[in-house]
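Below is one structure, written out as structure tokens, with a few remarks after it.
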Amino acid sequence: MTSPLSRSRSRRATSHIAVRVAHAVLGGLLAVGWLLLPVARAGADEVRDAPGRGGTSTGDLVLPLVAVVAAGALAAYSYARRTRRARTRTTPGGGTPHPVPFAELDRRAGRLLVEIDDCVRGSTEELGRAADRFGEEAVAPYAKALAFARSELTASFRLWQLLDDTLTDDSLVRRQLLEEIVARCTEAGRRLDAEAPGFDLLRALERTLPAALESAEARFRELTARTQAAEATLTELRERYAPSASLSVAGNVEQAKDRLVFATTRLDRARQSLDRGEGARATAHLRAAEAAVDQADLFVAGIDRLASELSSATALLPGALRDADTELVAARGLPAVGALPGRITHAASAVADVRRDITGGVRPYDPLGALRRLADAGAPILAEDRVPVDRTFLDRAFLDHALLVARSVVALASDFVTTHRGAVGVDARTRLSEAERHLALAPRTLVDVRCADGLALEAQQLAERDVRAYGNPYAGPEGAGVGGAVLGGILVDDTPGAPAASFGGPRTRGRRDF
């Protein structure tokens with residue numbers, strides 16, 4: 001195998017030869033000048049001694065001539081070397097001889113964003129299982145690598161969002177942004193790939209396969225019972241609230257059952273492989289089953305979390321209405337200039353509608369939706385600097401109300417993308433990443449929270465559109481549950497015997513164990 005050092009030498013061989021040739025030419029010129037110097041000086045003396053002669057002789061021009069020739073040779077060599085370097089330079093500052101076409105670069109950046117996001121999500125799940133088994137200290141190096149990859153991914157999604165938002169048509173600026181996305185995603189994937197072998201050694205499922213299999217089967221049974229309870233909870237939500245309140249989790253029970261069916265199949269195959277002494281194959285089936293159980297847990301937990309959030313929103317609504325009334329009273333006392341009258345009228349109408357919904361008792365309502373409507377109505381008036389009220393109090397109150405709504409929709413969108421990542425594209429993932437970024441800003445403002453809410457809603461809509469375009473995933477080649485496992489990114493593709501996703505980057509996430 002050729003070493004990196006020898007490869008580096010071969011690339012620089014031509015330039016080294018050129019340097020040696022230049023040195024030889026300069027040395028030769030100086031040697032000739034040195035040999036001719038005594039002869040020239042002798043001739044010069046004779047000329048000066050001759051009667052009637054005087055002034056400068058040709059011998060006095062020898063050294064200047066040699067210096068001029070040497071300087072010219074150096075200048076010519078430097079110019080040629082700079083020209084060759086400019087033609088062959090591949091650094092970002094110098095351009096490339098054959099730059100990647102813009103459309104291809106755009107596709108590559110979008111594809112890498114989706115790919116690395118899948119790697120980060122899958123690695124997060126694997127790391128969680130390893131941490132549960134071995135402790136946080138044991139997985140610290142892999143957690144550090146994952147945090148690095150996640151930070152690079154977040155920055156890359158930020159750049160992609162900037163490309164969507166920017167009004168510039170400057171192709172150079174857009175190309176630079178795309179190249180940075182590619183570079184960041186590539187480095188994130190490389191870091192995860194580098195840690196994959198060590199993670200495999202840590203987890204070493206094959207070494208503790210019987211115990212790991214029993215643990216997975218116990219968790220499967222627990223999730224099966226929780227799924228039945230979640231079905232009853234979902235029925236209660238549908239009876240108690242408006243249809244819009246539980247629409248985002250309407251299919252969670254069915255999808256949880258689908259993942260559990262897949263987990264049943266893989267756990268059975270893992271047990272059979274273990275009995276035959278096929279440890280590596282049993283490990284692969286076990287890993288897929290664990291991922292399916294994790295996703296079933298997300299579906300079930302989403303229903304339970306939403307039930308809690310709807311209950312909290314119901315309790316917050318009376319106070320939110322009082323805060324809105326306080327804001328309206330203060331705003332009505334201001335001079336009716338600019339857009340303020342229209343804002344007041346719109347806010348008053350929204351507040352009246354919400355009050356009618358929650359006090360009329362005629363029909364069920366959506367508590368989270370009601371809080372969002374109040375925040376949307378009150379925010380423009382709060383933005384008016386002339387409102388003479390305790391702004392700190394109102395900002396804090398509206399922030400608390402809006403925060404519950406934003407956290408709810410961001411969590412729902414994140415769960416949806418995670419459990420449908422085999423179909424969700426770059427736009428939905430970008431909006432979700434930006435929503436999470438705005439929600440994590442410190443200090444958090446009402447503007448940030450409302451922005452996170454809007455981006456998460458858009459992410460959910462885009463992700464659902466992608467899944468509809470993907471088609472029916474529940475008719476896989478290996479039987480029940482395989483299509484859902486591919487849709488959820490549990491299996492890297494839908495070919496028979498496809499490997500389960502694991503900790504790692506693009507080169508290692510779908511590695512086979514047999």
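- Taking the ring pair (Phe, Tyr, Trp, His ring centres under 6.0 Å) definition, one finds that Phe299 meets it with nothing, sequence neighbours left out.
- Residues Ala245 and Leu306 share a closest heavy-atom pair of O-CD2, 3.4 Å.
- Inspection of the Ser502 and Arg203 side chains reveals no N or O donor paired with an N or O acceptor under 3.5 Å.
- Between the CG atom in Asp453 and the CG atom in Leu446 there is a gap of 10.5 Å [rounded to 0.5 Å].
- Between Lys257 and Glu254 there is no salt bridge, since no side-chain nitrogen of the basic residue lies less than 4.0 Å from a carboxylate oxygen of the acidic one.
- There is no side-chain donor-acceptor pair under 3.5 Å between Gln176 and Glu180.
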Requested in this report: Would you sort out whether Leu192 and Thr508 count as a side-chain contact (heavy atoms from CB on, under 4.5 Å), showing the intermediate values?
Outcome: CA-CA 8 Å; Leu192 290 175; Thr508 56; 6.0 Å; no

**Report entry** Evaluation steps, side-chain contact (heavy atoms from CB on, under 4.5 Å), between Phe503 and Thr124
**Finding:** CA-CA 8 Å; Phe503 185 99; Thr124 300; over 6 Å; no

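- Residues Ala348 and Arg332 approach most closely at CB-NH2, 3.4 Å, considering heavy atoms.
- The side-chain heavy atoms of Leu403 and Arg444, taken from C-beta on, include a pair separated by under 4.5 Å.
- Arg266 contributes no side-chain N or O that, together with a main-chain N or O of Glu290, makes up a donor-acceptor pair within less than 3.5 Å.
- The line from CZ of Arg507 to SG of Cys119 is 11.5 Å long, rounded to the nearest 0.5 Å.
- Salt bridge present: Arg450 and Asp376 bring a charged side-chain N and a carboxylate O closer than 4.0 Å.
- Not a single donor-acceptor pair under 3.5 Å links the side chain of Ser414 to the backbone N or O of Val410.
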Report task. Dump the intermediate steps for salt bridge (Lys or Arg N to Asp or Glu O under 4.0 Å) on Glu434 and Arg437, then the final yes or no. Result -> CA-CA 5 Å; Glu434 280 294 279; Arg437 186 180 68 84; 2.9 Å; yes

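- To the nearest 0.5 Å, atom CG of residue Leu321 and atom CG of residue Leu371 are 9.0 Å apart.
- For the atom pair Leu163 CG and Leu177 CG, the distance stands at 5.0 Å (nearest 0.5 Å).
- Considering all non-hydrogen atoms of both residues, Arg287 and Ala500 come closest at NH2-O, 3.3 Å.
- Counting only residues at least two apart or on different chains, the salt bridge (Lys or Arg N to Asp or Glu O under 4.0 Å) pairs with a member in residues 397-408 are Arg396-Asp400.
- Two residues are said to be in side-chain contact when any heavy atoms from C-beta on lie closer than 4.5 Å; Asp366 and Tyr241 fail this criterion.
- A donor-acceptor contact shorter than 3.5 Å is absent between the side chain of Arg429 and the backbone of Val417.
- Taking the six-membered ring where tryptophan is involved, the planes of Tyr142 and Phe199 are perpendicular, since the angle between them exceeds 60° and thus also 30°.
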Report task. Verify salt bridge (Lys or Arg N to Asp or Glu O under 4.0 Å) between Arg219 and Asp294, making sure each step is shown before the conclusion. Result -> CA-CA 9 Å; Arg219 189 154 181 258; Asp294 280 350; 2.6 Å; yes

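- Of the charged side-chain nitrogens involved, at least one lies within less than 4.0 Å of a carboxylate oxygen, so that Glu125 and Arg421 count as a salt-bridged pair.
- A donor-acceptor pair under 3.5 Å links the side-chain atoms of Ser156 to the main chain of Glu152, judged by distance alone.
- Proximity of a side-chain donor or acceptor of Ser349 to a complementary backbone N or O of Thr345 within less than 3.5 Å is not detected.
- Separation of atoms CG (Leu127) and CG (Asp132) is listed at 9.5 Å; rounding is to 0.5 Å.
- Here Arg240 contributes atom CZ and Thr233 contributes atom OG1; the two are 12.0 Å apart, rounded to the nearest 0.5 Å.
- Residues Asn252 and Ser248 share a closest heavy-atom pair of OD1-O, 4.1 Å.
- Atom CZ of Arg108 sits in a sparse spot, with 12 or fewer heavy atoms from other residues, nucleotides or ligands closer than 6.0 Å.
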Requested in this report: Evaluate side-chain contact (heavy atoms from CB on, under 4.5 Å) for Arg129 paired with Leu205, printing each intermediate quantity in order.
Outcome: CA-CA 11 Å; Arg129 289 191 285 270; Leu205 280 176; over 6 Å; no

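- In plain terms, the two heavy atoms of Ala131 and Glu136 that are nearest each other are CB-OE2, 3.7 Å.
- With contacts defined as side-chain heavy-atom distances shorter than 4.5 Å, the pair Val249/Phe416 does not qualify.
- The shortest distance between side-chain heavy atoms of Leu374 and Leu317 falls below 4.5 Å.
- Looking at Arg431 and Asp164, their side chains come closer than 4.5 Å, going by heavy atoms from C-beta outward.
- Side-chain contact check for Leu153 versus Ser433: every heavy-atom pair is 4.5 Å or farther apart.
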Requested in this report: Just do the side-chain contact (heavy atoms from CB on, under 4.5 Å) check on Leu328 and Ile344 with the steps written out, would you?
Outcome: CA-CA 7 Å; Leu328 285 171; Ile344 294 174; 4.3 Å; yes

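- Using a 4.5 Å heavy-atom threshold, the side chains of Phe398 and Val449 count as separate.
- The main-chain N or O of Ala307 is never found under 3.5 Å from a side-chain atom of Ser311 such that the two would form a donor-acceptor pair.
- The one candidate from Gln460, His420, Gln295, Arg305 that meets the side chain to side chain donor-acceptor pair (under 3.5 Å) condition with Asp415 is Arg305.
- At a cut-off of 3.5 Å, with distance as the only test, a side-chain donor of Arg121 or Thr418 sits close to an acceptor on the other residue.
- You'll find the side chain of Glu436 stays beyond 4.5 Å of the side chain of Leu455, heavy atoms only.
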